[in-house]
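Heads up, the thing below is written out as structure tokens.
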Amino acid sequence: MKIDNKKASIILAVLIAVSLIISTAYMFTKQGYHEDELLTYNLANSSKQLNVDGGWNTSEDFNEYLAVSPDNRFNYAQVYQNQIIDASHPPFYYALVHTVCSLFPSVFSKWLAYSINIFAITGVLILLYKIGKNITGNNLYALIGTGAYALSIACITTTIYLRMYASLTFFVMAFLYMSLKLYEKKNTVNVKDCIVLGLIVVFGVLTQYYFILFAGLIGLVFLVFKIREKCIKDLIKYIIAALIGAGIAMCIYPYIISNVLGGNRGLGSLNFSIDFITVVTYVIYKLGTYIQVLSKDLFLNQVWLFALCAVCAIGFGIYFRFVKKRKLGRKSMFIVIPSLVYFIGISLVSPFNSDRYVMASLPLIAMIFAFAFIKIFELFKNTKIRLVLPVSIVIAGAVGFAVVTPYYIYGKTNLYDKKTDNCVFVGTAMLEWNKCIDKFMQYDNTMIVQTPEMSRTLGDELEAFATKRGIITNGKISELAKAYMFNGDTDKQESDSMSKLKTDEKLDNMNEVTVYISRLANRDDIINYFTENTKFKNYELIQEDYSFEEFYNWYDYFVETESYCNVYRFY
């Protein structure tokens, strides 16, 4: 069954519009930010340094930390320099954010970065449709595959997360689509094709380093099939175009190599050792956790539903291959192999267990499942039965939005209803104040101090948390956690500015103050320090920090929340 191109275009436009309307509705409810979302604005817009060792900051200081100042608009040299200092990501996405924010100087708003994601996801859905149509030759099938992603929590989460992953997904889809177009040609690839492919590589590499892995997997499939088909001229042009694109990217940003091989988040920089049994149990746990992530994003947060769909898809795949003697088309391999290998590989090596690291593979995984069930329903001769699949996708989307909350919405905090005019934040060497900047903007003044005293129970809690989830820790988890605390920098100095609380005149003139205490700090000691060394002898809890149980992973507890603190009012 097919529909004409005009109807397909209209339906695609409706799918895109519905998906973006749903995302925008969630954005209105979004309260709070992931730490990296706040870093998006800082790294894109500002060179502002805050007083973080016993000094005071005003709400204007925090705004300058996140927004573009009027005299710093379209300053791409600063964007570039910020990425060199951060040493984690390439600069292109941040340049896009800076461009949008430069149109609205002195403004910090979630809608600015979101506008980039709107364009990126629109491009993703258009390219996903084109990829599906290229593989199946059927625009209805392509629409079903696109709808399976467009109406999923995965698509919504990618759209509302204010980082580079929507843009990364766009460039991955663009590279895949272009690779399919070039694969169709038999030693007829021209210069224009190579230029387009090279440009995609340039912008993909400069957006996020995971593009290199995904593009490499797609290129590997291209290489194998072109060698089999003896289209060596096409293969050589394809490789040269990709290498030139990568070379241009490295010329623009030569720090790519050092960032990929090390950087301040490279696992190789961490100074710890883990025994074999811990590795084995941890790998099993990592894969299991990412199955939970996939289930939430695409299968109504039900692992059993994912398992059922996976068993059906694999079972019928075996039936078609060995009973019906139907082989999977080579073009299909372009979406199956790269997406699944990428998903599994990233599941094992990702620094934190989060859907953001596998976002680029989720459109293709959604399409794989959709195409698998299309083949299954083709076994039925009654065409009306085949309508069950697109109807099921629409119903599943509606149910999903009703019962599953996307990541990065937050909204559980009451910290935006401030209790006092001023604030003190007490953190550790991990600089947790980064995660609360948007909340500090509501206070007249915020003092940030640091303590070297870590929670004395944290290590045991981490061990118990990991053990409860089936990881045989052998005492190594605390060691690994400490390495993460310092981002692998063993020379990092702990700071102690708590003593400034005793003598600060501004603090002494206040009648009350809101105090944020990092979950990594020793809460009881800090409370005692306040009551014994300042005028504030009484306190009440405003909001208690989240518990371990609300996180996928023991070290996600360090970063996966917009609160990150126990918060009190001292008076």
Practice prompt. Would you mind reporting whether Met359 and Tyr161 have side-chain heavy atoms less than 4.5 Å apart?
Written response: yes
Item to complete: Please step through side-chain hydrogen bond (donor to acceptor under 3.5 Å, both in side chains) for the pair Thr188 and Lys233, ending with a clear verdict.
Response: CA-CA 8 Å; Thr188 58; Lys233 291 181 180 179; over 6 Å; no
Fill in: Ser88 side chain vs Asp86 backbone, donor-acceptor pair below 3.5 Å
yes
Worksheet item: Which heavy-atom pair separates Lys296 from Pro406 by the least distance, and what is that distance?
Response: NZ-C, 4.5 Å
Worksheet item: So, does Lys226 use its side chain to make a donor-acceptor pair with the main chain of Tyr183 at under 3.5 Å?
Response: yes
Worksheet item: Are Tyr407 and Asp355 close enough that a side-chain donor and a side-chain acceptor fall under 3.5 Å?
Response: no
Fill in: side chain to side chain contact (heavy atoms under 4.5 Å, CB included) partners for Ala150, two or more places apart
Ser19, Leu125
Discussion item. With a 3.5 Å distance limit and no angle check, can you tell me whether Thr40 reaches the backbone of Leu162 through a side-chain donor-acceptor pair?
Written reply: yes
Discussion item. Less than 3.5 Å apart, any donor N or O on the side chain of Tyr76 or Thr99 sitting next to an acceptor on the other?
Written reply: yes
Worksheet item: Is the CZ atom of Phe119 crowded by more than 12 outside heavy atoms at less than 6.0 Å?
Response: no
Worksheet entry | Main-chain N/O of Ala95 paired to Tyr80 side chain as donor or acceptor, under 3.5 Å | no
Item to complete: For the residue pair Phe306 and Leu294, establish whether any side-chain heavy-atom pair is separated by less than 4.5 Å.
Response: yes
Fill in: Any side-chain heavy-atom pair of Ile346 and Leu213 under 4.5 Å
yes
Fill in: Residue pair Leu364 / Phe214, side-chain heavy-atom distance below 4.5 Å
yes
Practice prompt. Starting from the C-alpha separation in whole Å, work towards a yes-or-no answer on side-chain contact (heavy atoms from CB on, under 4.5 Å) for Arg326 and Arg321.
Written response: CA-CA 5 Å; Arg326 297 181 190 174; Arg321 175 65 182 88; over 6 Å; no
Item to complete: With side-chain contact (heavy atoms from CB on, under 4.5 Å) as the test, would you mind laying out the steps for Asn139 and Lys7 before giving the verdict?
Response: CA-CA 10 Å; Asn139 47 20; Lys7 289 182 179 178; over 6 Å; no
Discussion item. Parallel, tilted or perpendicular, judged at 30° and 60°: which one describes the rings of Phe316 and Phe320?
Written reply: tilted
Practice prompt. Measure from the side-chain N and O atoms of His89 to the backbone N and O of Thr207, and report whether any donor-acceptor pair falls under 3.5 Å.
Written response: no
Worksheet item: Just by modelled atom types, is the Asn75 backbone N or O under 3.5 Å from a matching donor or acceptor in the His98 side chain?
Response: yes
Worksheet item: Is Gln302 reaching over with its side chain to a backbone N or O of Phe299, donor-acceptor style, under 3.5 angstrom?
Response: no
Worksheet item: Just wondering, do Leu143 and Ile3 contact through their side chains at under 4.5 Å, heavy atoms?
Response: yes
Worksheet item: Sub-3.5 Å donor-acceptor pair from the side chain of Ser350 to the main-chain atoms of Asn353, do we have one?
Response: no
Worksheet item: Rounded to the nearest 0.5 Å, how far does CD1 of Ile314 lie from SG of Cys309?
Response: 11.0 Å
Worksheet item: Hey, does Ile156 have a side-chain heavy atom less than 4.5 Å from the side chain of Phe401?
Response: yes
Worksheet entry | Side chain proximity check, Phe74 to Leu103, heavy atoms < 4.5 angstrom | yes
Item to complete: Decide side-chain hydrogen bond (donor to acceptor under 3.5 Å, both in side chains) for Tyr114 and Thr24; before the verdict, give the C-alpha distance in whole Å, the side-chain angles of both, and the deciding distance to 0.1 Å.
Response: CA-CA 9 Å; Tyr114 176 66; Thr24 302; 2.9 Å; yes
Discussion item. Ignoring hydrogens and geometry beyond distance, is a side-chain donor-acceptor pair present between Asn72 and Lys48 at under 3.5 Å?
Written reply: no
Worksheet item: Under the 3.5 angstrom rule, does the side chain of Arg163 hit a backbone N or O of Asp36 as a donor-acceptor pair?
Response: yes
Practice prompt. Enter the distance from Ser167:OG to Leu96:CG here, rounded to the nearest 0.5 Å.
Written response: 6.0 Å
Listing, residues 329-341 side-chain donor-acceptor contacts under 3.5 Å, not counting sequence neighbours, or none:
| unit_1 | atom_1 | unit_2 | atom_2 | d |
| --- | --- | --- | --- | --- |
| Arg330 | NH1 | Glu229 | OE2 | 2.9 |
| Lys331 | NZ | Asn134 | O | 3.4 |
| Lys331 | NZ | Asn134 | OD1 | 3.1 |
| Lys331 | NZ | Glu184 | OE2 | 2.6 |
| Ser339 | OG | Ile335 | O | 2.4 |
| Ser339 | OG | Val336 | O | 3.3 |

Worksheet item: Has Lys186 got more than 12 heavy atoms of other residues, nucleotides or ligands less than 6.0 Å from its NZ?
Response: yes
Practice prompt. Taking Asn117 for its side chain and Ala166 for its backbone only, find out whether a donor-acceptor pair lies under 3.5 Å.
Written response: no
Discussion item. Any carboxylate oxygen within less than 4.0 angstrom of a Lys/Arg side-chain nitrogen, looking at Glu37 and Lys30?
Written reply: yes
Worksheet item: Should the heavy atoms of other residues, nucleotides or ligands under 6.0 Å from NZ of Lys181 be counted, would the total exceed 12?
Response: no
Worksheet item: With distance as the sole criterion, is a donor-acceptor pair present between the side chains of Tyr238 and Ser179 under 3.5 Å?
Response: yes
Worksheet, complete the sentence: Correct closest heavy-atom pair for Phe175 and Ala215 would be CE2-O, 3.5 Å
Output a table of donor-acceptor pairs, distance under 3.5 Å, between side-chain atoms of residues 192-204 and any protein atom two or more places apart or on a different chain; print 'none' if there are none.
| unit_1 | atom_1 | unit_2 | atom_2 | d |
| --- | --- | --- | --- | --- |
| Asp193 | OD1 | Lys185 | NZ | 3.3 |
| Asp193 | OD2 | Lys185 | NZ | 2.5 |
| Asp193 | OD2 | Asn190 | N | 3.2 |

Fill in: Over all atoms of both residues, closest heavy-atom pair of Asn5 and Lys133
OD1-NZ, 2.9 Å
Worksheet item: For Phe211 and Phe171, what are the C-alpha separation, side-chain angles and deciding distance, and is it a ring-ring contact (aromatic ring centres under 6.0 Å, His included)?
Response: CA-CA 8 Å; Phe211 174 85; Phe171 287 114; 7.1 Å; no
Worksheet item: Which pair of non-hydrogen atoms, one from Tyr253 and one from Gln83, has the smallest distance, and what is that distance?
Response: OH-O, 3.1 Å
Discussion item. For the residue pair Ser354 / Tyr408, report whether a side-chain donor-acceptor contact shorter than 3.5 Å exists.
Written reply: yes
Worksheet item: With no hydrogens and no angle check, do the side chains of Tyr357 and Ser347 hold a donor and an acceptor under 3.5 Å apart?
Response: no
Discussion item. Would you say that Tyr342 contacts Tyr210 through its side chain, given a criterion of any heavy-atom pair below 4.5 Å between the two side chains?
Written reply: yes
Worksheet item: Within 45° of the axis and under 6.0 Å from the centre of the six-membered ring of Phe322, does NZ or CZ of Lys324 qualify?
Response: no
Worksheet item: Out of Leu38, Val97, Asn82, Ile85, which residue meets the side-chain contact (heavy atoms from CB on, under 4.5 Å) rule with Leu43?
Response: Asn82
Practice prompt. Locate the shortest heavy-atom distance separating Ile153 from Gly400; write the atom from each residue and the value.
Written response: CD1-O, 4.0 Å
Worksheet item: What pair of heavy atoms forms the shortest contact from Tyr141 to Glu378, and how long is it?
Response: OH-OE2, 2.7 Å
Worksheet, complete the sentence: The residue among Thr158, Asp297, Ile393, Leu15 that forms side-chain contact (heavy atoms from CB on, under 4.5 Å) with Tyr149 is Thr158
Worksheet item: Does Lys237 NZ have over 12 foreign heavy atoms under 6.0 Å away?
Response: yes
